[in-house]
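Single-structure report; data block below.
As the structure lists them, so they are numbered: ligands from 1, and atoms in each ligand from 1.
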Amino acid sequence: MARHLRNLLDLSANELQRVIDLGKEVKANPSAYRKKLDGKSIAVVFAKQSTRTRVSFEVGCYQLGAQPLILTADGNVGMQMGRGETIADTARVLSRYVDAIVIRTTAQSIVDELAEYGSVPVINALTDEFHPCQALADVMTMQERFGREERRKLVYVGAGNNVAHSLLLAGPRANLDVVCACPPDLQPDPVVMTRVRQDAKAAGTLVSVEHDLMAAVKGAHAVYTDTWVSMGQDEKANALRAKLDGYSITGKVMEQAREDAIFLHCLPAHRGEEVLDEVMDSRWSAVFDQAENRLHAQKALLLLLLEAEPW
Ligand code: CP
Ligand code: NVA
C-alpha cells in the first residue's frame with residue numbers, strides 16, 4: 001500500500017520528526033541524495049497558482065534524480081480532469097505512468113480520492129483545507145532556530161484557513177503549543193479543532209483559539225501569519241479584509257513576543273496588509289529560510305514516501 005501525505009494526520013509524531021531530520025540531512029549534504037530517485041517520474045499537478053511549491057518540487061525532483069512532470073489541472077492546455085474525466089480514472093491512469101502524484105487543488109476530497117483510487121503516493125501541495133508541506137517546512141524552521149527538545153509557542157494570526165489547520169495539526173506532533181489568533185467569525189474548522197484538541201491532550205501540548213492579538217502573542221517563540229484572502233476567495237475579499245482589520249503583524253505586535261522571537265509567513269506576503277515591511281524586513285523575519293526549507297523538507301518527504309530512505 002502506498003503511503004500518502006493527504007494531511008498531517010498521515011504522519012505520527014515520530015514520522016513527522018523523521019521527515020524533519022532527513023530534511024536537515026538533505027540540506028546539509030545534498031550531493032549524498034543526488035541519484036536516490038534516479039529513473040522515477042513525479043507528476044506535480046496545479047489547479048491553483050504557485051511560486052514556491054512549483055519551483056521547490058520541480059527543483060527538488062531534479063536534485064534527487066527524478067523527472068518532474070509539471071501539469072496544469074484544467075484550462076485549454078490542462079489535463080482532461082478539466083473536461084470531466086473523473087478523479088478516480090485520473091488516479092488509475094497516472095499510477096500506470098508515474099511514481100508519485102503531488103497536487104495543489106481546491107477541495108481536499110480530490111486529494112483523498114486520488115489517494116484512494118491510485119496506487120502511488122499522493123502528496124497534498126495545498127487544498128482549501130490543508131497545506132501540510134508548508135507545515136513541514138515551518139516545523140523545520142522552528143527547530144533550526146529553537147532546537148526540538150523543549151516545548152515552544154507558535155502563534156498563528158489570521159483566518160482559520162488551510163495554513164492554520166496544518167499548523168494546528170503540527171502542534172501536538174512537533175511539541176509546539178499553538179495559538180490561533182483570529183476574528184470570532186473566521187475560526188478554524190470545528191472538526192479539525194476537535195481532532196487537534198484530542199491530539200494535544202495526548203501529546204501534552206497546548207492549543208487555543210483567541211481573539212485578542214496583543215494578548216495572544218505574549219511569550220511567543222514564533223508569530224506566523226498568512227494572506228487575508230486565500231486563492232479562490234476573491235469574491236469575499238472585501239469582507240475578509242474588513243474582518244481581519246486590526247490583525248496586521250507590526251513591530252509593536254512582535255515586541256509583545258519573546259526577545260528572540262521569529263516572524264514566519266508561508267508567503268506570498270501582502271506587505272501593508274497582514275504584515276508590514278518593518279516586520280518582513282526586520283531581524284525577526286525568518287521567512288526566506290522558511291521558504292528555502294520547503295525544498296529540503298519536500299525532498300525528504302519524497303525520499304521517504306518513495307521508499308528510497310527508511311522511515
Ligand atoms: N507558500 C506557498 O505554498 O507558496 P506558493 O503558493 O507560491 O506555492
Ligand atoms: N492560505 C493561502 C496560502 C497560500 C500559500 C491560500 O490558500 O491561498
Checklist entry - Should Asp38 and Lys35 be marked as a salt bridge (charged side-chain N to carboxylate O under 4.0 Å, His left out) after you check the CA-CA gap, both sets of side-chain angles, and the distance that decides it? => result CA-CA 5 Å; Asp38 196 22; Lys35 291 221 157 65; over 6 Å; no
Item to check | Test log, rule salt bridge (charged side-chain N to carboxylate O under 4.0 Å, His left out), inputs Arg145 and Asp289 | outcome: CA-CA 10 Å; Arg145 296 294 178 119; Asp289 289 343; 2.8 Å; yes
Counting from 1, what ligand 2 atoms have a heavy atom of [X] closer than 4.0 Å?
X      : value
Met231 : 6 (C), 7 (O), 8 (O)
Thr227 : 2 (C)
Leu126 : 3 (C), 4 (C), 5 (C), 7 (O)
Leu267 : 5 (C)
Asn162 : 1 (N), 2 (C), 6 (C), 7 (O)
Asn161 : 1 (N)

Next on the checklist: For ligand 2 and Asp226, I'd like to know whether there is a polar contact (N/O to N/O, distance under 3.5 Å).
Outcome noted: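 There is such a contact, yes.
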Item to check | N or O pair under 3.5 Å between His131 and ligand 2 | outcome: no
Checklist entry - Backbone or side chain, does any N or O of Arg52 fall under 3.5 Å from an N or O of ligand 1? => result yes
Next on the checklist: Checking the N or O distance criterion of under 3.5 Å, is ligand 1 in contact with Leu267?
Outcome noted: yes
Checklist outcome for this item: re atom 2 (C) of ligand 1, the protein heavy-atom contact at minimum distance is Arg294 NH1, 3.3 Å
Next on the checklist: We want to know whether Glu25 and His296 form a side-chain donor-acceptor pair, criterion being a heavy-atom distance below 3.5 angstrom.
Outcome noted: no
Item to check | salt bridge (charged side-chain N to carboxylate O under 4.0 Å, His left out) between Glu307 and Lys36, worked out | outcome: CA-CA 10 Å; Glu307 295 175 352; Lys36 287 273 180 177; over 6 Å; no
Checklist entry - Just wondering, more than 12 heavy atoms not from Asp260 lying within 6.0 Å of its CG? => result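 Above 12, so yes.
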Next on the checklist: Tell me whether ligand 1 is touched by Leu126 - counting only heavy atoms on the residue side and a distance under 4.0 Å.
Outcome noted: no
Checklist entry - Does even one non-hydrogen atom of Arg104 get within less than 4.0 Å of ligand 1? => result yes
Would [X] and [Y] pass as an ion pair if we require N to O under 4.0 Å?
X     : Y      : value
Arg3  : Glu15  : yes
Lys48 : Asp128 : yes
Lys27 : Glu144 : yes

Checklist entry - Going through the checks in order, is the salt bridge (charged side-chain N to carboxylate O under 4.0 Å, His left out) test met by Asp199 and Arg195? => result CA-CA 6 Å; Asp199 289 352; Arg195 177 59 194 256; 3.0 Å; yes
Next on the checklist: Angle between ring planes, His221 versus Phe146, binned at 30° and 60°: parallel, tilted or perpendicular?
Outcome noted: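 Perpendicular, since the angle between the ring planes exceeds 60°.
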Next on the checklist: I need the atoms of ligand 1 closer than 4.0 Å to a non-hydrogen atom of Gln134, numbered in the order shown.
Outcome noted: 1 (N), 2 (C)
Checklist entry - Which of the atoms in ligand 1, numbered in the order shown and given with their element, are less than 4.0 Å from a heavy-atom of Thr51? => result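 Within the 4.0 Å cut-off of Thr51, ligand 1 contributes 5 (P), 7 (O), 8 (O).
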